2 protein chains.
Amino acid sequence: MSKAEPAVLFAALGDPTRLGLLARLADGGEYSIARLGEGLPVSRQAVAKHLDILQDAGFVRRRKSGREVQITLRREGIETARHWLDQVGAQWDGTLGRLRDLLEGDG
Amino acid sequence: MSKAEPAVLFAALGDPTRLGLLARLADGGEYSIARLGEGLPVSRQAVAKHLDILQDAGFVRRRKSGREVQITLRREGIETARHWLDQVGAQWDGTLGRLRDLLEGDG
DNA sequence: CATATGAGCAACCAGGAGGTTGCCTATATG
DNA sequence: CATATAGGCAACCTCCTGGTTGCTCATATG
């Protein structure tokens, strides 16, 4: 699943543990679940659940390899979330927004 | 409160109702709470709570005006969230250090 | 083959999130 | 002044979320 509603996307980002996982994955490397969880104060199961959520949101990819599962970052997912923020931020951000402000009489 | 941990930021975005509110605010206009809630299938109280969360995350600003409260979008908040996504989405080119700072620095 | 290890599954639990309703205050307005 | 309207506060409820533990399966490794 790589297409998810925006709220689901952001909800997936709305947890410090998951942000930590993404940060660790941000170097583009492949990590097994156990290795991703190293140092974190939660069980492996918890990490696996977080990865489920990140995967459903399209932020990571699982690849089975032997008895391990290799996790990688999916930058397209990040891109999608960023795009949404652009939409909300841009309209008011650009000159059009400013113009509109002037026209609608705040100035 | 305009400085919030990244997870709090994204968590605030992780709800369809709140995204709807932000989308409505994206035109740069001022909206009273009641007006923001118009058409939504939730009570005014629920909207107010959502706005609390959005405000804590730094996405909106409240301005009291008479018996109403005018809500406006806070672009800087959006910007902050987008910045974070930029860090994670960026390829391995040295931005990673900054990402670590963001996550571990203020935790 | 025996055993250790990575990962999935399921049941379960506590706390927080989103929602409601009721009541109160303050500001407009007839 | 009386009344309608915009919001805030607080109690309360339900369900989801993040977490755990226990068990099983599959794959490496001695």
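Just so it is clear: chains get the letters A, B, ... in the order the sequence lines come, proteins before strands, and each one is counted from 1. Since the structure is predicted, the reported quantities are computational estimates derived from the model, not experimental observations.
- Straight-line distance from the CD1 atom of B:I71 to the P atom of D:dG7: 8 Å, rounded to whole Å.
- Across the protein-nucleic acid pair, A:L13 atom CG and D:dT17 atom P stand 15 Å apart, rounded to whole Å.
- The ring-ring contact (aromatic ring centres under 6.0 Å, His included) pairs that include a residue from residues 7-30 of chain A are A:F10-A:W84, where partners are two or more places apart or lie in different chains.
- In this structure, CG of A:L51 is placed 13 Å from C1' of C:dG8, rounded to the nearest angstrom.
- With sequence neighbours excluded, no residue forms a side chain to side chain donor-acceptor pair (under 3.5 Å) with B:R24.
- With sequence neighbours left out, B:R61 forms a side chain to side chain contact (heavy atoms under 4.5 Å, CB included) with B:T72, B:R74, B:E76.
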For residues 32-51 of chain B, which side-chain donor-acceptor pairs fall under 3.5 Å, sequence neighbours excluded?
unit_1 : atom_1 : unit_2 : atom_2 : d
B:S32  : OG     : B:R35  : N      : 3.1
B:S43  : OG     : B:A46  : N      : 3.2
B:H50  : ND1    : B:R18  : NH1    : 3.0

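- In the model, A:Q55 has a side-chain atom that pairs as donor or acceptor with a side-chain atom of A:R62 under 3.5 Å.
- Judged as a ring-ring contact (aromatic ring centres under 6.0 Å, His included), and not counting sequence neighbours, A:F59 has no contacts.
- D:dA6 atom P lies 17 Å from atom OH of B:Y31, rounded to whole Å.
- Distance A:R35 CZ to C:dG6 C1': 13 Å, rounded to the nearest Å.
- Distance CD (B:E30) to P (D:dG7): 12 Å, rounded to an integer number of Å.
- With sequence neighbours left out, B:R67 forms a side chain to side chain donor-acceptor pair (under 3.5 Å) with no residue at all.
- Rounding to whole angstrom units, CG of residue A:L40 and P of D:dG18 are separated by 15 Å.
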Going 5' to 3' along nucleotides 19-30 of chain C, which nucleotides have protein heavy atoms under 4.0 Å from the base (write B), which only from the sugar-phosphate (write S), and which from neither (write -)?
BBBB----BS--
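- Here C:dT5 presents its C1' atom at 13 Å from CD of A:E38, a figure rounded to the nearest Å.
- The residue A:R18 sits close only to the backbone: its heavy atoms come under 4.0 Å of sugar-phosphate atoms, none of a base.
- With sequence neighbours left out, the side chain to side chain contact (heavy atoms under 4.5 Å, CB included) criterion links A:A7 to B:P16, B:L19.
- For the helix from C:dC1-D:dG30 to C:dG30-D:dC1, the rotation axes defined at the first and last 5 base pairs enclose an angle of 20°, given to the nearest 10°.
- When all heavy atoms are compared, the tightest approach of A:V60 to A:L25 is CG1-CD1, 3.7 Å.
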